[in-house]
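Notes for the one structure printed next.
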Amino acid sequence: MNLYEINNITKIYGDGETKVNALNGVSLNIEEGKFVVVLGASGSGKSTLLNILGGMDNATSGEIIFNGKNITELDQRKLTRFRKENIGFVFQSYNLLPNLTALENVEFSTEISKLPKQGADNALAIVGLSQRKNHYPAELSGGEQQRISIARAIAKKPKVLLCDEPTGALDYKTGIMVLNVLRDINKKQETTVVLITHSQDIAKIADVVIKMRSGQILEAVTNPTPLMPDEVEW
Amino acid sequence: MKIQNKFLLRKIKNQLPQLISAALIIAIGVGFFVTLKTVLYQYQKMSEIYYEEYSLADYTIYGVEIDVNDVEKVRQIDGIKAAEGRVMADYVSGDTTLRTFSVPIKEPLINKTYFYEGNHIKKDSECLLLKKYADVNELKIGDNIELKIQNEIHNFTITGLVATPEFVYLAQSESVPMADPLAFGVVYISENYFKDRLNIGYNQINVMLHREVDSAEVTKQIKESLKPKKVLYDLFKDQQISYKMYIEDHNQINSFAYIFPFIFFIIAAMIIYVLQKRNIVRERKQIGILKAMGLSNIKIVGIYTKYAIVVAVLGSLAGCLFSIVLGDYILDIFGEMFDIPELIFTVYLGLWVIGFIIALVVCVVSNFVGIKKVLKIKPAEAMNAEKPKKGKKILLENIKPLWNRLSFNTRYSLKTSLRNKGRFFAVVFGMAVSVALAVFALGFNDSFNYLINTHYNDFVKYDLMVNIKAVPLEREIEIIRLPGVQTYFKSTILPVKIEKENQKLDYPLLIMEDGFDMLNLKNEAGEKINLKDGIALPSYVANKLGVNKGDKVKLSSFGSYFDDIEVEVRDTTLQASSFYIYANYDFIEKEFEINNMLYNTIFIKTDKDVKELSQRINDGEEVISTTSKEQDKNTMLKILETMSFMIQILIIFAIMLGIIVLYAVGIINLTARSYEFIVLKVMGYGTIDIMIAYVKEIFFQIVIAVPFGFLLGNLILQGIKGEFSNDSFVLIPHIYNKSYLLATLLLVIISSIVLLLSIKTINRLDIVEGLKTRED
Ligand SMILES: Nc1ncnc2c1ncn2[C@@H]1O[C@H](COP(=O)(O)OP(=O)(O)O)[C@@H](O)[C@H]1O
Ligand SMILES: [Mg+2]
């Protein structure tokens with residue numbers, strides 16, 4: 001079954017001289033439960049696409065069906081609700097709230113979604129950071145912060161996890177650790193994962209690889225033999 | 001606890017100094033408002049109760065040789081609840097004057113006395129004494145006082161120390177609205193003593209009216225019933241000096257209760273606005289995350305609003321508690337100025353609630369204006385670091401030759417200070433208001449000081465004014481032959497009503513001899529006033545009546561001296577106090593066809609000791625009372641002194657305000673620039689250099705703020721002057737240069753303190769940490 005059905009969306013930033021066509025007619029289906037990697041050079045429109053998928057931004061034209069529901073024309077209030085109920089985000093910069101501890105950061109997400117709090121502990125266990133839960137972001141390494149931010153995203157059991165270059169700021173070893181966590185979540189919780197990267201190597205762990213250039217999709221390739229993150233080198 | 005609340009608490013903890021600053025300013029605003037309103041309510045309530053319970057007369061009529069039958073006739077008139085005859089006379093006691101009233105042995109029904117101590121008189125040889133006078137003259141119950149009545153000394157034993165609603169203010173006359181209790185007091189002796197021993201009849205009737213009666217009609221009937229006896233003068237309650245002063249003070253305090261809190265609330269609103277605006281810029285990314293996580297706009301606005309509510313709650317609570325201390329202090333001082341029994345501080349919870357609601361509205365609204373951009377933040381964009389703002393060119397940069405001559409430090413200072421105009425002008429405004437408060441407070445003091453000094457040095461030229469029993473103008477009396485009398489002028493002072501269209505005012509008419517120079521009567525052009533074939537008015541009175549030179553006005557003298565008459569206003573005089581209507585004998589004799597003019601006042605200049613002369617004059621047979629210029633001046637200076645507490649409070653507020661605003665906005669500025677400072681530090685720019693740039697910025701702000709402060713201070717003084725002008729004196733704003741200087745100095749000192757405080761913050765900036773934490 002398709003989680004996303006995307007029909008010919010465009011995104012134009014600005015107007016006149018500063019006009020940028022960030023997306024130029026993107027059509028694509030994303031199947032539920034898959035690990036999808038979007039691959040492309042910097043500036044090719046990956047983040048723009050991901051933001052629109054996550055309901056953080058509206059497309060200029062085109063249509064997006066999520067789980068059978070059209071989300072193209074939702075207003076800000078409805079988009080907020082859509083994000084709250086369906087989407088987990090992981091960013092390249094971890095974007096934790098600096099004034100809250102690891103656990104509180106995760107709990108905040110369950111609180112917003114009105115879910116039971118034990119989800120937060122569980123999520124921390126999944127990313128393997130239960131023992132650091134009372135530390136503040138400033139006291140954690142980059143990899144740890146990123147795993148907390150993954151825990152925050154999955155604590156509310158979203159339908160889909162959208163990750164914008166989650167390993168972009170990490171070294172090789174910690175990057176692998178983060179990818180392992182994401183892969184596990186995808187397999188064990190059956191959460192659909194859409195991950196952005198500009199690395200050919202990371203793309204090897206995907207079920208489906210979508211290649212982008214200049215706001216357009218070059219091809220969408222199904223990978224019959226995805227590698228385990230440990231087997232990847234970059 | 002909910003994470004949202006934890007989030008809020010940590011935010012508060014991180015910005016404690018700013019939060020406290022905003023709360024403090026709210027506290028000052030609420031505190032000032034609640035204090036003054038409480039003082040006002042309490043003052044009003046206690047005085048109204050006092051006037052009511054102790055039956056201040058609704059109406060008083062003055063005449064001569066009124067007897068019991070007259071009073072009985074008045075009592076029979078419809079609409080009259082009570083009427084009582086009374087004797088009122090001023091007698092000398094030692095070197096003081098005592099206003100003496102008669103009281104029945106069975107206690108009066110009108111203008112009752114409040115007993116601080118002791119009991120009502122039981123015998124004719126006993127008296128009641130005003131406690132205020134007794135205290136300063138060290139008299140107690142059981143002591144004797146001597147009154148010089150008809151050139152004989154009469155002794156009375158004090159049985160009670162009292163207050164009376166007639167003398168909430170110790171008002172001796174229009175020109176001495178607040179007498180010095182060392183020199184003037186009130187005494188009550190028995191009615192029988194006047195009747196049997198002194199053979200003096202009533203000279204006034206006090207009347208209480210029923211609630212819904214036509215007072216004009218009733219008073220007409222009263223005058224009718226007394227005929228053919230002459231009515232000299234009549235007064236309604238609201239014309240009674242002490243009561244009039246009460247109403248005036250009431251309005252003065254009220255105007256203060258609004259003007260100043262208003263200013264403080266504006267400043268608090270500004271601080272909250274600047275603070276929150278800065279906060280959402282700083283926390284743009286956090287807000288983006290919250291939005292990405294699905295937190296709605298309302299919830300996010302809610303978090304910031306709670307922050308503002310915390311400020312409102314803390315601020316108004318502190319303000320209300322503060323009002324207990326300040327209110328108590330002010331009422332204590334009131335107690336020295338006004339004689340109102342049981343005037344003590346009480347809390348009015350309703351005012352606390354109003355104060356809180358005002359604070360809440362101010363905080364929540366200014367908060368919302370500050371953060372409304374939150375609504376527009378798009379999570380997708382907020383995730384990206386904000387693009388650095390394009391450095392805007394400032395005006396000065398276009399003047400190339402000048403700009404290029406400036407040092408890097410100065411150019412940097414100018415550019416950074418103007419980059420955020422909101423913060424820059426918040427500081428300028430805070431400074432300006434500080435200066436304005438100081439200028440106003442000092443200028444208020446100056447204006448009174450100036451008024452008193454110019455009035456008594458330049459306008460009043462006599463040393464003594466002697467009130468005597470009326471004698472024919474040709475007759476000279478003994479006292480003028482006393483050694484020390486250098487020059488003197490005879491004159492007649494009569495109470496009159498002056499009327500133009502529907503405006504009626506009571507002022508004494510001063511009829512003078514040619515060449516009279518005891519008052520320096522000049523018109524606007526600086527020439528001696530013209531009294532040929534007409535009268536002259538103080539310009540304050542002329543304005544109040546709406547008359548100009550050449551207009552006709554009606555004079556009436558209560559039927560006793562002359563009939564109502566139309567006269568021309570020939571001139572107006574420039575003066576700040578001691579208001580009379582002026583005329584000369586020639587005009588009055590001709591116009592009123594009087595040929596046996598009497599005089600009742602002698603103005604005297606002396607080259608000897610005033611006090612000694614005044615005592616010798618008081619021994620004179622015809623003398624009723626004397627007032628000296630020196631005494632009047634001291635009384636005025638004393639009033640000024642009692643008001644100085646208000647000036648001190650305002651100055652303290654000005655200082656607090658300045659420190660708080662500069663410090664709060666200063667911290668916001670420093671945190672906003674900390675990244676920039678760190679970069680400068682990395683480049684090898686030291687704390688000193690940064691401080692120098694900062695000093696330049698503050699100097700720049702002071703230069704802009706000071707003139708505005710002067711202007712604003714003047715405006716407040718102008719705005720409030722009406723409330724402080726009355727029928728006794730006109731407040732003319734006059735601020736001494738030294739006050740301007742002092743206000744500026746105050747600001748410079750405050751700025752220096754704040755600068756010193758910020759050195760610590762700049763020094764503490766940690767380069768390594770700082771470069772890392774740019775994000776939040
Ligand atoms: N808020 C924006 N305003 C204007 N242009 C933007 C904005 N966001 C992205 N762009 C432009 O859109 C294009 C695609 O950007 P983005 O989706 O971030 O690419 P990627 O994530 O693949 O690096 C780029 O040319 C970028 O400059
Ligand atoms: Mg990107």
Original post:
Given a strict heavy-atom distance threshold of 4.5 Å, which part of Phe108(A) is in contact with chain B: side chain, backbone, both, or neither?
Top reply: both
**OP:** Taking only Lys NZ, Arg NE, NH1 and NH2, and the carboxylate oxygens of Asp or Glu, determine whether Glu283(B) and Lys11(B) approach each other closer than 4.0 Å.
**Re:** yes
Original post:
Should Lys157(A) and Glu190(A) count as an ion pair when the cut-off is N to O under 4.0 Å?
Top reply: no
Original post:
So, Thr167(A) side chain and Leu170(A) main chain: donor-acceptor pair closer than 3.5 Å or not?
Top reply: no
Original post:
Which bit of Lys299(B) comes within less than 4.5 Å of chain A, counting heavy atoms only: side chain, backbone, both or neither?
Top reply: side chain
Original post:
Under 3.5 Å, is there a donor-acceptor pair linking the side chains of Asp164(A) and Ser47(A)?
Top reply: yes
Original post:
With chain B, which of Arg152(A), Lys156(A), Arg77(A) has the greatest number of heavy-atom pairs at distances under 4.5 Å?
Top reply: Arg152(A)
